[in-house]
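Each remark here refers to the structure printed beneath this line.
Proteins come first, then strands; the chains are lettered A, B, ... in the order of their sequence lines, and each starts at number 1.
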There are 2 protein chains.
Amino acid sequence: MGKLSTAVSCGNCSVKRLCLPVGLSEEDIQRLEHVTRKKKILKTGEPLFRAGDPFSNLYAIRSGSFKSAVIGADGDTQVTHFALPGELLGLDAYSSGAHPGYAEALEESSVCVLPFTQLESLAQQVPALQKQIYSIFSEELKQENEALLLLGKRSAESRLAALLINISSRYARRGYSASEFLLTMPRMDIANYLGLTAETVSRLISRFQKQGLIRVRGRAITILDLIALSELAGTHCSYEGS
Amino acid sequence: MGKLSTAVSCGNCSVKRLCLPVGLSEEDIQRLEHVTRKKKILKTGEPLFRAGDPFSNLYAIRSGSFKSAVIGADGDTQVTHFALPGELLGLDAYSSGAHPGYAEALEESSVCVLPFTQLESLAQQVPALQKQIYSIFSEELKQENEALLLLGKRSAESRLAALLINISSRYARRGYSASEFLLTMPRMDIANYLGLTAETVSRLISRFQKQGLIRVRGRAITILDLIALSELAGTHCSYEGS
DNA sequence: CGCACCCTTGATCGTTTTCAAAATGTGTGG
DNA sequence: CCACACATTTTGAAAACGATCAAGGGTGCG
């Protein structure tokens with residue numbers, strides 16, 4: 001109740017220009033903060049939610065990174081998304097009332113817990129928030145379409161190049177270096193996401209390094225030749241939306 | 001203004017239980033009809049919208065079928081979705097204000113043209129409509145995740161089996177036969193959607209027929225052994241949502 | 001009826017998977 | 001700080017799956 005609350009508010013959150021507050025007035029942001037009070041910290045590998053969990057919250061990533069995945073009927077999983085700060089998790093659970101897949105922290109991460117019913121009624125009163133929610137849904141759909149393009153038509157080489165560029169540009173958008181970043185996910189998750197095997201990913205990373213396109217030290221990546229990498233990807237650098 | 005209007009209204013539309021009216025009262029449906037006045041008929045191959053077109057409308061499919069596709073930077077396309085009556089097209093255009101991909105009729109089809117700004121303000125007043133819009137967005141995301149699972153992990157055989165089951169169950173949901181239906185899309189589009197070549201699709205269809213799983217006459221498909229097909233697909237029959 | 005397009009079928013080629021093993025990295029407790 | 005155990009990553013060789021190239025057969029529309 002005191003002013004000493006350690007809870008970070010939307011107003012001073014480092015990802016507010018990527019998250020729900022976009023387009024909101026100071027006053028509206030204050031109203032939004034009633035919804036975003038609850039935070040959660042997760043350790044590496046800890047699940048944010050599991051497949052089948054009832055849908056009650058959305059989660060806004062404040063820091064760290066996540067993978068989300070769906071589980072097929074025969075038990076095998078497909079990583080569908082790597083999520084970075086400012087992005088929302090759980091949107092696909094609304095229609096059925098339960099999470100169709102799970103989400104798991106790839107490193108020490110923190111999220112805002114957003115009770116959806118509260119968010120929904122606030123959005124009903126604040127058109128700018130409504131628009132932002134539509135926008136996030138829509139953006140998500142667009143990104144999934146791009147992911148489909150990647151999986152459907154491209155060679156293994158193309159896919160990995162595209163992923164590296166994608167992640168690089170998303171980090172850049174958040175104010176980090178575009179050329180040097182950490183690939184927080186294990187090779188196996190990358191492979192799964194790209195529809196490949198861990199061995200193929202490993203071979204490709206080695207090859208990219210030999211060709212002087214990137215430098216690799218463990219999970220740390222330095223992009224040395226963005227142009228060449230973009231050509232391999234077959235998609236221009238502007239892989240991200242808006 | 002007269003009662004003789006030939007325009008089909010939501011109230012008596014054959015897909016109203018799959019479309020925006022879900023959950024709406026009679027009164028709300030009448031208000032919705034002000035937004036859904038405009039219809040459009042398309043012939044086979046005619047585009048509903050093109051990549052880059054400004055976003056102003058959503059389109060609700062009343063009859064027929066569509067493919068939607070995105071176009072990569074180097075010009076090649078990926079079919080991302082086959083859309084059937086009751087489904088909405090254009091949702092992924094909201095965030096950027098322009099359609100990132102195109103949609104094209106696969107047969108003589110008809111759609112409701114929904115000016116989004118009107119729909120948006122009506123939804124602001126009608127919570128049930130708001131919920132239905134969220135639900136459709138969310139459902140769409142879930143379906144794309146399932147498509148990713150398909151493309152990422154499965155063999156060609158699995159993918160085709162899953163597509164057949166998916167389409168079958170979607171027709172069934174609309175009141176048509178689950179075991180006999182028309183594959184309105186050319187083989188090449190199926191192949192593209194599944195990340196395969198037309199030749200592979202053709203071979204697989206032949207093989208499924210030889211194995212007694214399906215019967216094929218041109219684009220007409222009869223499913224003879226749903227169980228076996230489901231096993232091949234690796235996903236249970238309930239491929240669709242909710 | 002003829003032409004164009006779509007679909008089928010066959011043979012070969014290439015990429016990616018699979019199987020196997022070694023090397024590197026990570027975390028733990030001594 | 002080091003040593004050990006375990007997981008992840010890298011690398012190699014062989015096999016498989018689907019792509020590509022090529023030709024022939026249907027089907028529908030003018």
Side-chain angles (χ1 to χ4, degrees), chain A residues 43-46 67 76 78-79 104-108 150-164 182-211 213-221 232-234, chain B residues 43-46 67 76-79 104-108 150-164 182-211 213-221 232 234:
Chain A
K43 291 197 287 272
T44 307
E46 197 178 340
K67 69 169 171 181
D76 64 6
Q78 169 70 31
V79 175
E104 183 183 306
L106 292 168
E107 59 189 309
E108 177 114 354
L150 208 64
L151 281 185
K153 294 215 66 94
R154 314 284 202 183
S155 67
E157 184 181 69
S158 256
R159 294 182 205 186
L160 183 62
L163 178 66
L164 292 175
L182 228 54
L183 231 40
T184 57
M185 59 293 291
R187 300 277 188 270
M188 213 193 72
D189 285 342
I190 296 176
N192 185 308
Y193 175 71
L194 295 175
L196 304 169
T197 59
E199 291 94 325
T200 301
V201 169
S202 182
R203 272 183 253 274
L204 287 170
I205 288 182
S206 301
R207 201 166 89 206
F208 285 177
Q209 186 164 220
K210 265 178 212 134
Q211 294 171 337
L213 304 178
I214 59 176
R215 187 152 41 102
V216 188
R217 274 198 322 267
R219 287 184 180 176
I221 300 287
L232 280 187
Chain B
K43 291 197 288 272
T44 307
E46 196 177 340
K67 68 170 170 180
D76 63 8
T77 69
Q78 169 70 33
V79 175
E104 183 183 306
L106 292 168
E107 61 190 308
E108 176 114 354
L150 208 64
L151 282 186
K153 291 212 70 90
R154 313 273 200 199
S155 66
E157 183 180 71
S158 259
R159 294 182 204 187
L160 183 63
L163 178 66
L164 291 174
L182 226 54
L183 231 39
T184 58
M185 59 293 291
R187 299 279 187 271
M188 214 194 71
D189 285 341
I190 296 176
N192 185 307
Y193 175 71
L194 296 176
L196 304 170
T197 59
E199 291 94 324
T200 302
V201 169
S202 184
R203 272 183 253 273
L204 287 170
I205 288 182
S206 302
R207 200 166 90 206
F208 284 177
Q209 185 164 220
K210 264 177 212 134
Q211 295 171 337
L213 304 178
I214 59 176
R215 186 151 41 101
V216 188
R217 275 198 321 267
R219 288 185 179 176
I221 300 286
L232 280 187

In whole angstroms, how far is the C1' atom of C:dG27 from the CD atom of A:Glu108?
16 Å
Take A:Leu213 and A:Leu232 through the side chain to side chain contact (heavy atoms under 4.5 Å, CB included) test and state the conclusion after the steps.
CA-CA 10 Å; A:Leu213 304 178; A:Leu232 280 187; 3.7 Å; yes
Backbone N/O of A:Val216 and side chain of A:Gln209: donor-acceptor pair under 3.5 Å
yes
In 5'-to-3' order, the base (B), backbone-only (S) or no-contact (-) status of each nucleotide in nucleotides 4-20 of chain C, using a 4.0 angstrom heavy-atom cut-off, is --SSBBBB----SBBB-
Measure the shortest side-chain to side-chain distance between B:Val79 and B:Ile190 over non-hydrogen atoms and say whether it is less than 4.5 angstrom.
no
A:Thr44 backbone acceptor or donor facing A:Glu108 side chain under 3.5 Å:
no
Would you please name every residue forming a salt bridge (charged side-chain N to carboxylate O under 4.0 Å, His left out) with A:Glu157, sequence neighbours left out?
A:Arg207
Given the rule in the salt bridge (Lys or Arg N to Asp or Glu O under 4.0 Å) test, do B:Asp189 and B:Lys67 qualify, once you have shown the distances and angles that lead to the verdict?
CA-CA 8 Å; B:Asp189 285 341; B:Lys67 68 170 170 180; 3.0 Å; yes
Verify, without hydrogens or angle tests, whether B:Asn192 (side chain) and B:Thr77 (backbone) share a donor-acceptor contact under 3.5 angstrom.
yes
Expressed as a whole number of angstroms, how long is the span from A:Ile190:CD1 to D:dT10:C1'?
14 Å
All stems with DNA chain C, defined as three or more consecutive Watson-Crick or G-U pairs under 3.5 Å
C:1-5 with D:26-30, C:8-30 with D:1-23
Inter-residue atom distance A:Leu150.CG - A:Leu160.CG, 0.5 Å rounding
9.5 Å
